[in-house]
K.L.:
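Quick one: this structure, given as structure tokens, is what I'll be asking you about.
Every heavy atom of this structure was used, including side-chain atoms; hydrogens, water molecules and symmetry mates were not.
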Amino acid sequence: QVQLVESGGGLVQAGGSLRLSCAASGRTLSSYTIGWFRQAPGKEREFVATITWSGGTTYYADSVKGRFTISRDNRKNTVYLQMNSLKPEDTADYYCAASVHSGVYQTENFYQYWGQGTQVTVSS
């Protein structure tokens with residue numbers, strides 16, 4: 001079983017940048033597809049981005065495409081979410097999740113392991 005810990009959240013002004021990290025322990029992260037999701041106050045959790053185990057395939061929600069970049073460093077057992085041109089509507093708790101299934105998935109049900117989340121607040 002893999003344990004996931006997110007970090008890198010914080011308060012940033014609109015237009016700014018943050019880089020979130022998802023560090024794994026327990027098992028090597030290279031065996032898993034990794035996804036980022038977010039949940040804004042009063043809203044359901046939504047898909048943000050995902051990356052396959054090799055890093056060869058990525059997929060983004062339309063709302064973040066062109067602004068966010070997901071990447072991974074399997075040697076460091078870490079996946080990153082670089083967030084640029086942040087908007088107030090990006091304010092949410094951000095979660096990383098791991099899936100044993102190959103491919104890219106937007107649906108939460110395909111992910112078996114979840115981190116506790118890191119908070120991102122974008123001020124206008």
K.L.:
What distance separates Asp93 CG from Arg38 CZ, expressed to the nearest 0.5 Å?
P.N.:
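One gets 11.5 Å once the value is rounded to the nearest 0.5 Å.
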K.L.:
Could you check whether any side-chain N or O of Thr50 sits under 3.5 Å from a backbone N or O of Ile34, counting only pairs where one atom can act as donor and the other as acceptor?
P.N.:
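A pair under 3.5 Å: yes.
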K.L.:
Test of understanding: clusters of I, L, V, M, F, W, Y form through side-chain heavy atoms closer than 4.5 Å, transitively. Do Tyr95 and Leu18 belong to the same one?
P.N.:
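No.
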K.L.:
Which class fits the ring pair Trp114 and Phe37: parallel under 30°, tilted 30 to 60°, perpendicular over 60°?
P.N.:
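Geometry flag for Phe37 against Trp114: tilted rings.
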K.L.:
Shortest non-hydrogen contact from Ser71 to Ile51?
P.N.:
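Closest approach of Ser71 to Ile51, heavy atoms only: CA-CD1, 3.7 Å.
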K.L.:
Any side-chain heavy atom of Val79 within less than 4.5 Å of one from Ile70?
P.N.:
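Result yes, sub-4.5 Å side-chain heavy-atom pair found.
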K.L.:
Could you pull out the closest heavy-atom pair between Ser31 and Trp53, with the gap in Å?
P.N.:
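Taking every non-hydrogen atom into account, C-CB, 4.3 Å.
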K.L.:
Check for me, please, whether Tyr113 and Tyr111 land in the same ILVMFWY cluster - side-chain distances under 4.5 Å, paths through other members count.
P.N.:
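Tyr113 and Tyr111: separate clusters.
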K.L.:
Looking at CZ of Phe47 and CD of Gln106, how far apart are the two atoms once the value is rounded to the nearest 0.5 Å?
P.N.:
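Here the rounded value is 5.0 Å.
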K.L.:
Run the side chain to side chain contact (heavy atoms under 4.5 Å, CB included) test on Leu20 and Glu6 for me, step by step, so that the C-alpha distance in whole Å, both residues' side-chain angles and the decisive distance to 0.1 Å come before the verdict.
P.N.:
CA-CA 7 Å; Leu20 305 184; Glu6 303 93 337; over 6 Å; no
K.L.:
Mind checking whether Asn84 and Gln82 have side chains closer than 4.5 Å, heavy atoms only?
P.N.:
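Counting from C-beta outward, Asn84 and Gln82 do come under 4.5 Å.
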K.L.:
Looking at every heavy atom in both Thr78 and Ser21, which two are closest together, and how far apart are they?
P.N.:
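Looking at all heavy atoms of both residues, the closest pair is CG2-CB, 4.1 Å.
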K.L.:
Using a 3.5 Å distance criterion without hydrogens, assess whether the side chain of Thr52 forms a donor-acceptor pair with backbone atoms of Thr57.
P.N.:
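Yes.
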K.L.:
Do Tyr105 and Val100 belong together in a cluster built from hydrophobic side chains that touch within less than 4.5 Å?
P.N.:
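Result: no, two separate clusters.
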K.L.:
Would you say that Cys96 contacts Trp36 through its side chain, given a criterion of any heavy-atom pair below 4.5 Å between the two side chains?
P.N.:
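They are in contact (side-chain heavy atoms under 4.5 Å apart), so the answer is yes.
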K.L.:
Taking Gly103's backbone N and O only, do any of them form a donor-acceptor pair with Tyr59's side chain (distance below 3.5 Å, no angle check)?
P.N.:
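No, because the side chain of Tyr59 does not come within donor-acceptor range (under 3.5 Å) of the backbone of Gly103.
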K.L.:
Are more than 12 heavy atoms, taken from residues, nucleotides or ligands other than Lys65, located less than 6.0 Å from that residue's NZ atom?
P.N.:
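Above 12, so yes.
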K.L.:
Using the rule that two of Ile, Leu, Val, Met, Phe, Trp, Tyr join whenever any of their side-chain heavy atoms come within less than 4.5 Å, decide whether Tyr80 and Val64 are in one cluster.
P.N.:
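No.
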K.L.:
Spell out, yes or no, whether Leu81 and Leu11 are grouped together once hydrophobic residues are joined by side-chain heavy atoms under 4.5 Å, including indirect joins.
P.N.:
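The answer is no; the residues belong to distinct hydrophobic clusters.
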K.L.:
Under the criterion side chain to side chain contact (heavy atoms under 4.5 Å, CB included), I'd like the reasoning laid out for His101 against Gln112: C-alpha separation, chi angles, the key distance, then a yes or no.
P.N.:
CA-CA 9 Å; His101 305 294; Gln112 294 76 42; 3.4 Å; yes
K.L.:
Are Asp90 and Lys87 ion-paired here, with the side-chain N under 4.0 Å from a carboxylate O?
P.N.:
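Judged by the 4.0 Å cut-off on N to carboxylate O distance, Asp90 and Lys87 do not form a salt bridge.
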K.L.:
For the residue pair Phe68 and Tyr94, does the interplanar ring angle fall in the parallel (under 30°), tilted (30 to 60°) or perpendicular (over 60°) class?
P.N.:
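Tilted: the ring planes of Phe68 and Tyr94 meet at 30° to 60°.
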K.L.:
Looking only at heavy atoms, what is the nearest atom pair of Pro41 and Thr91, with distance?
P.N.:
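Closest approach of Pro41 to Thr91, heavy atoms only: CD-O, 4.4 Å.
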K.L.:
Using side chain to side chain contact (heavy atoms under 4.5 Å, CB included), reason through Val104 and Thr58 one step at a time and then give a plain yes or no.
P.N.:
CA-CA 7 Å; Val104 291; Thr58 58; over 6 Å; no
K.L.:
Of the non-hydrogen atoms in Ala98 and Val2, which two are nearest, and what is the gap between them?
P.N.:
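Residues Ala98 and Val2, closest heavy atoms: CB-CG1, 4.2 Å.
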K.L.:
Counting heavy atoms not belonging to Gln116, are there more than 12 under 6.0 Å from its CD?
P.N.:
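No, not enclosed.
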K.L.:
Which atoms form the tightest heavy-atom contact between Pro88 and Ser124, and what is the distance?
P.N.:
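So the two residues come closest at CG-CB, 3.8 Å.
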K.L.:
Could you grab the distance from atom CZ of Arg72 to atom OG of Ser30, nearest 0.5 Å is fine?
P.N.:
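If we round to the nearest 0.5 Å, Arg72:CZ and Ser30:OG are 7.0 Å apart.
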K.L.:
Measure the spacing between CZ of Arg27 and CG of Leu29 and express it to the nearest 0.5 Å.
P.N.:
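Going from the CZ atom of Arg27 to the CG atom of Leu29 covers 11.0 Å.
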K.L.:
How long is the gap from CG on Leu86 to OG on Ser123, to the nearest 0.5 Å?
P.N.:
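OG of Ser123 is found 10.0 Å from CG of Leu86.
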K.L.:
With rounding to the nearest 0.5 angstrom, report the CZ to OG distance, Arg67 to Ser17.
P.N.:
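The distance works out to 10.0 Å.
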